[in-house]
Amino acid sequence: MKPSTARRWGDALSDAIRLLRVTERAVLGGEQTDIMALLTGLDARRYAQTLATEPAGPLVEEAHRSGTPCTPVEMRRRFDPAAVVRLIEVMRRGQFTIVHLHGARAGVHGRIAAQLAGVPLIIWTMHVFQPDVLRGVNPDEAPPRRQKALYHAVEWTLGRFFCDQIITVSEDLRRRAIAEEQIPAGKITTIYSGVNLESFRSPTDRATTRRELGLPADAPVICAIGRLVEQKGIPDFLQAAARIHVERPNVYFLIVGDGPLRAELETLGASLALNGSLKFVGQRNDIAAVLAASDLFANPTLWEGMGKVNVEAMAAGKPIVSTNVGPIPEVIADYQAALLTSPRDPAAFAEALIAVLSDLPAYDARAKGGAGVAAARFSYETMVESTAALYERLLAEKG
């Protein structure tokens, strides 16, 4: 039962519904781009949104540009009682009807705070399956038994008693939450993480982008995109690139993104004697143009909640070589221009990339339908509409 501080539904529905969106970090990863799509895509006449996150960062800057009010909340540890107290204060002061939490730490702190603050409707989006992170990137390495047991106990409790609904960004996550955490199936809804497909609908100048990136006009280019963190498996991509370079020295390798491992990865790349064929180009806002300038997309990731960068490659009509982890087979589904390999196997990854390069015209032809698949299942518009429909259903059920 909610505490008596919860306000009456008639009052909540008389004007725009006050909605607090909470996330731990103000970076611009996949979770945060979903948040921005919801901040800008939901009907402002129906939902008055506020963002709670760390005090500064690209997400805060984007939110301010969209006109969204932001309130600072820091979650300094895996469990930070001060963050719970701060969130209770924010939620009570704002008299929010809906609190929608994104990510692991926000999900823990926010569900406890929202329950104690008497928020009428509490929703949490699971963007990645947390036991994967606890286990680490080696699938053979089990997490400490106590740590795993504690996590499952916390999630079982919070999922059953501290929120009204859980959103998972893939069916893979939903199945695992039901099976491994015993969350009731009726409390979990899959809404795919959205991708901004607008830029993929306009023609891009491949030659101009190649010149800007310092790439030859006619060389094959393999592109990897993602934050330079352990999860994304970039060392495996570099090892695969070194193997390919021996057999096909005319191939170029493009790494798009930034992150804490950039210097380490650049050092590794230099040690592999790729002779100028490897380029780190940093964070880019023109992914459609970068993909258009590439011939093949490589995704050596070690784990994903959804893997939306594969959707971008599909929208660009590019062949894909990706690791076969989590929901990636579900996302790629019957896309005929994709090959999947096991994670942490640079030799197999290199072999798959060479197979595509050896038959590139055929793979390009198979990729033609990718834009339609991406638009139908994974657009921002689809995600926003599905989320709004869920809000309305839950509000109606509350009475």
Side-chain angles (χ1 to χ4, degrees), residues 22-25 29-31 34 75 77-79 99-115 122-193 229-233 299 301-308 310 322-333 340-344 377-378 383 386-387 390 394:
V22 185
T23 186
E24 175 199 352
R25 300 194 61 207
E31 175 184 315
D34 280 358
M75 298 168 228
R77 296 180 296 279
R78 187 165 291 173
F79 183 69
V99 164
H100 189 160
L101 309 148
H102 297 261
R105 286 196 186 180
V108 171
H109 295 84
R111 279 181 285 180
I112 295 170
Q115 182 69 237
I122 306 167
I123 301 168
W124 174 51
T125 293
M126 180 192 296
H127 290 267
V128 67
F129 199 66
Q130 193 71 2
D132 289 349
V133 181
L134 294 178
R135 182 169 65 238
V137 296
N138 184 350
D140 298 323
E141 177 187 335
R145 184 175 299 176
R146 289 180 181 176
Q147 186 182 40
K148 183 176 180 180
L150 176 62
Y151 173 80
H152 282 300
V154 168
E155 283 305 319
W156 185 90
T157 302
L158 293 179
R160 285 173 173 265
F161 305 114
F162 283 74
C163 66
D164 297 284
Q165 193 76 10
I166 296 171
I167 297 172
T168 56
V169 298
S170 67
E171 279 295 315
D172 174 75
L173 282 180
R174 183 176 186 273
R175 286 192 296 268
R176 295 182 66 185
I178 294 169
E180 297 185 36
E181 296 172 357
Q182 289 80 51
I183 304 299
K187 293 197 71 171
I188 309 180
T189 300
T190 296
I191 298 177
Y192 285 115
S193 188
V229 294
E230 191 173 23
Q231 172 193 355
K232 299 303 180 181
N299 186 20
T301 186
L302 304 178
W303 73 83
E304 291 291 343
M306 196 192 92
K308 63 170 64 180
N310 286 314
S322 178
T323 45
N324 184 5
V325 297
I328 286 178
E330 169 192 341
V331 170
I332 291 176
L340 300 179
T341 74
S342 298
R344 287 198 171 281
R377 297 177 64 202
F378 304 111
M383 181 190 72
S386 297
T387 304
L390 178 64
L394 295 173

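Here the structure is a predicted model, which means the values were calculated and not measured.
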Item to complete: Output the distance between atom CD1 (Ile122) and atom CD (Gln115), rounded to the nearest 0.5 Å.
Response: 5.0 Å
Worksheet item: Testing Ile332, Asn299, Val325 for side-chain contact (heavy atoms from CB on, under 4.5 Å) with Leu340, which one passes?
Response: Ile332
Worksheet item: Just by distance, do the side chain of Trp303 and the backbone of Lys232 share a donor-acceptor pair under 3.5 Å?
Response: no
Item to complete: Go through the structure and list residues passing side chain to side chain donor-acceptor pair (under 3.5 Å) with Thr323, not counting sequence neighbours.
Response: none
Response to the item:
Sorted by chain and residue number, the salt bridge (charged side-chain N to carboxylate O under 4.0 Å, His left out) partners of Arg105 (sequence neighbours excluded) come out as Glu24
Discussion item. Has Asp164 got a side-chain atom pairing as donor or acceptor with Ile123's backbone, closer than 3.5 angstrom?
Written reply: no
Practice prompt. Work out which heavy atom in Val169 is nearest to a heavy atom in Gly305; give both atom names and the distance.
Written response: CG2-O, 3.6 Å
Worksheet item: For the atom pair CE (Met126) and CG (Leu101), what is the distance rounded to the nearest 0.5 Å?
Response: 12.5 Å
Worksheet item: Taking only residues two or more places apart in sequence or in another chain, which ones pass side chain to side chain contact (heavy atoms under 4.5 Å, CB included) with Thr157?
Response: Phe161, Phe162
Worksheet item: Which residues pass the side chain to side chain donor-acceptor pair (under 3.5 Å) test with Glu330, sequence neighbours left out?
Response: Tyr192
Worksheet item: Is the closest basic N to carboxylate O distance between Glu31 and Lys308 below 4.0 Å?
Response: no
Practice prompt. Hey, could you give me the NE2/CZ distance between His109 and Arg78, rounded to the nearest 0.5 Å?
Written response: 11.0 Å
Fill in: Gap separating the CD1 atom of Ile166 from the NZ atom of Lys187, nearest 0.5 angstrom
6.5 Å
Worksheet entry | All pairs passing salt bridge (Lys or Arg N to Asp or Glu O under 4.0 Å) where residues 106-115 contributes a residue, at least two apart | Arg111-Glu155
Worksheet item: For Arg175, what residues pass the side chain to side chain donor-acceptor pair (under 3.5 Å) criterion, not counting sequence neighbours?
Response: none
Fill in: Euclidean distance, Glu230 CD relative to Leu302 CG, rounded to 0.5 Å
7.5 Å
Discussion item. Any heavy-atom pair between the side chains of Glu304 and Gln231 that's under 4.5 Å?
Written reply: yes
Worksheet entry | Under the side chain to side chain donor-acceptor pair (under 3.5 Å) test, residues paired with His127 that sit two or more places apart | His102
Discussion item. List the residues meeting side chain to side chain contact (heavy atoms under 4.5 Å, CB included) with Ile178, not counting sequence neighbours, and say none if there are none.
Written reply: Arg174, Ala185, Ile188
